Number of protein chains: 2
Amino acid sequence: MSDQSIIKQIIGKTVKAIRIKQGLSQEDLAHECNVDRSYISMIEVGRNEPSVTKIFELCKGLKIKPSDFFKLVEVEYAKLQEKDGESS
Amino acid sequence: MSDQSIIKQIIGKTVKAIRIKQGLSQEDLAHECNVDRSYISMIEVGRNEPSVTKIFELCKGLKIKPSDFFKLVEVEYAKLQEKDGESS
DNA sequence: TTGTAGACTTTAGTCGACA
DNA sequence: ATGTCGACTAAAGTCTACA
């Protein structure tokens with residue numbers, strides 16, 4: 001229940017953080033990736049969880065390697081797992 | 001058109017390769033991740049593209065870090081991009 | 001042990017318009 | 001420059017059963 005929604009929140013925050021750091025607007029990024037601007041917004045806000053394909057495209061626009069992107073996500077995910085107290 | 005289907009093929013092959021290496025059956029993995037076995041099959045065959053959330057769960061069962069998983073995917077993806085002749 | 005089919009519910013993803 | 005609503009099409013994801 002928690003897991004399914006946690007990931008998309010993290011992805012959204014991560015995309016936004018990188019986009020800001022690159023000095024891009026949502027529209028800039030949307031244009032780079034050939035998607036609608038509103039879709040970028042949905043992702044960043046955590047309303048939609050982008051598919052891997054989309055994330056690869058986003059990473060192209062964000063000029064970051066997908067594996068590096070997921071490393072960031074992974075770290076945040078691990079943090080939240082601690083809080084929730086997940087015993088592997 | 002090509003890109004959208006390439007990724008799921010790569011993900012499928014990658015999941016399968018790791019699963020085999022771990023000596024797990026599809027059913028073992030399905031049980032680890034609390035999903036149906038047929039779903040694992042669909043992924044491996046490249047019929048469905050699992051969401052990031054699902055991939056994180058799969059990685060837990062496969063005992064691999066998501067970022068490492070995506071590194072493998074990324075490498076294969078890069079290879080195919082060469083073949084297709086993607087500039088950038 | 002794996003692939004697939006079918007039927008179903010939920011969600012991603014596209015787009016235009018408005019706050 | 002960003003979030004959201006509404007409506008739509010496509011695809012994910014679940015499950016049972018059969019090759």
Side-chain angles (χ1 to χ4, degrees), chain A residues 1-63 66 69-70 73 76-77 80, chain B residues 1-63 66 69-70 73 76-77 80:
Chain A
M1 216 179 311
S2 33
D3 277 26
Q4 277 86 30
S5 31
I6 287 177
I7 298 268
K8 69 175 71 168
Q9 304 286 344
I10 299 174
I11 292 175
K13 280 187 2 183
T14 307
V15 168
K16 182 167 191 171
I18 300 173
R19 176 178 64 78
I20 299 293
K21 194 157 62 178
Q22 303 282 13
L24 298 169
S25 67
Q26 287 185 349
E27 190 166 357
D28 291 334
L29 182 55
H31 184 255
E32 288 281 339
C33 309
N34 296 310
V35 298
D36 201 74
R37 182 194 61 76
S38 67
Y39 179 54
I40 303 287
S41 177
M42 282 178 169
I43 292 171
E44 290 192 355
V45 151
R47 198 163 167 280
N48 276 33
E49 179 181 321
S51 65
V52 177
T53 297
K54 291 293 173 190
I55 291 179
F56 268 59
E57 291 176 8
L58 288 173
C59 285
K60 223 183 282 181
L62 291 170
K63 289 169 181 54
F69 176 85
F70 283 109
V73 174
E76 291 303 314
Y77 184 67
L80 297 184
Chain B
M1 219 173 312
S2 35
D3 279 24
Q4 277 86 31
S5 32
I6 288 177
I7 297 268
K8 69 175 71 172
Q9 304 286 344
I10 299 174
I11 292 175
K13 279 187 1 183
T14 307
V15 168
K16 183 167 192 173
I18 300 173
R19 177 179 63 78
I20 299 294
K21 194 156 62 178
Q22 303 282 14
L24 298 170
S25 67
Q26 287 184 348
E27 190 166 358
D28 292 334
L29 181 55
H31 184 254
E32 288 281 339
C33 309
N34 295 310
V35 297
D36 200 76
R37 183 195 60 76
S38 67
Y39 180 54
I40 304 287
S41 177
M42 282 178 168
I43 292 171
E44 290 192 355
V45 150
R47 198 163 168 279
N48 276 32
E49 179 181 320
S51 66
V52 177
T53 297
K54 291 294 172 192
I55 291 179
F56 269 59
E57 291 175 10
L58 288 173
C59 285
K60 222 183 283 182
L62 291 170
K63 290 172 181 53
F69 177 85
F70 282 109
V73 174
E76 291 302 314
Y77 184 67
L80 297 185

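Note that this is a predicted model, so its numbers are computed, not measured. Note on naming: letters A, B, ... go to the chains in the order of the sequence lines (proteins, then strands), and numbering restarts at 1 for each one.
- Taking B/F69 as the reference, nothing meets the ring pair (Phe, Tyr, Trp, His ring centres under 6.0 Å) condition, with sequence neighbours excluded.
- Atoms CZ (A/R37) and C1' (C/dA19) sit 12 Å apart, rounded to a whole Å.
- Two residues are said to be in side-chain contact when any heavy atoms from C-beta on lie closer than 4.5 Å; B/P50 and B/I11 meet this criterion.
- Between B/K16 and C/dT2, a side-chain N or O to OP1/OP2 separation shorter than 4.0 Å is absent.
- Between atom NZ of residue B/K63 and atom CD of residue B/Q22 there is a gap of 7.0 Å, rounded to the nearest 0.5 Å.
- One interatomic measurement links the two molecules: CG of A/N48 to P of C/dC15, which rounds to 14 Å at whole-angstrom precision.
- Near-neighbour residues of DNA chain D inside residues 19-26 of chain A, defined by a heavy atom below 4.0 Å, number-ordered: A/R19, A/S25, A/Q26.
- The aromatic rings of A/Y77 and B/F56 stand perpendicular to each other, their planes meeting at an angle above 60°, with 30° marking the opposite boundary.
- The footprint of chain A on DNA chain D, defined by a heavy-atom cutoff below 4.0 Å, extends from D/dT2 to D/dT4.
- Taking CG of A/L62 as the reference point, atom CG of A/D28 lies at 11.0 Å (rounded to 0.5 Å).
- As judged by a 4.0 angstrom heavy-atom cut-off over every strand, B/R47 is placed among residues touching the sugar-phosphate backbone only.
- Interatomic distance, A/N48 CG to A/K8 NZ, rounded to the nearest 0.5 Å: 6.5 Å.
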Fill in: Test log, rule side chain to side chain donor-acceptor pair (under 3.5 Å), inputs A/T53 and B/E49
CA-CA 9 Å; A/T53 297; B/E49 179 181 320; 2.7 Å; yes
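- Rounded to an integer number of Å, the gap from OH of B/Y39 to C1' of C/dT2 is 17 Å.
- By the 4.5 Å heavy-atom criterion applied to side chains, B/K13 and B/K16 are not counted as neighbours.
- C/dT11 atom C1' lies 13 Å from atom CD1 of A/I43, rounded to whole Å.
- Under the ring pair (Phe, Tyr, Trp, His ring centres under 6.0 Å) criterion, A/Y39 pairs with no residue, sequence neighbours left out.
- Residues B/I43 and B/L58 meet the side-chain proximity criterion, which asks for heavy atoms closer than 4.5 Å.
- Residue-to-nucleotide proximity on DNA chain D shows that, of B/P50 and B/D36, the 5′-proximal contact is made by B/P50.
- By the side-chain contact (heavy atoms from CB on, under 4.5 Å) test, A/Q9 is found to be paired with no residue, residues two or more places apart in sequence or in another chain being considered.
- One distance of note links CD of B/E32 with CD of B/E27; it measures 12.0 Å at 0.5 Å rounding.
- Between its two ends, the helix from C/dT2-D/dA19 to C/dA19-D/dT2 turns its axis by 50°, counting five pairs per end and rounding to 10 degrees.
- Taking atom CD of residue B/E49 and atom P of nucleotide C/dA12, one finds them 13 Å apart after rounding to whole Å.
- Across C/dA12, C/dA5, C/dG3, the shortest atom-to-atom separation from the side chain of B/S38 is found for C/dA5.
- Whole-Å rounding puts the A/H31 NE2 to C/dT14 C1' distance at 17 Å.
- In this structure, A/M42 places its CE atom 14 Å from P of C/dG16, rounding to the nearest Å.
- The distance from atom CD1 of B/I40 to atom C1' of C/dT4 is 15 Å, rounded to the nearest whole Å.
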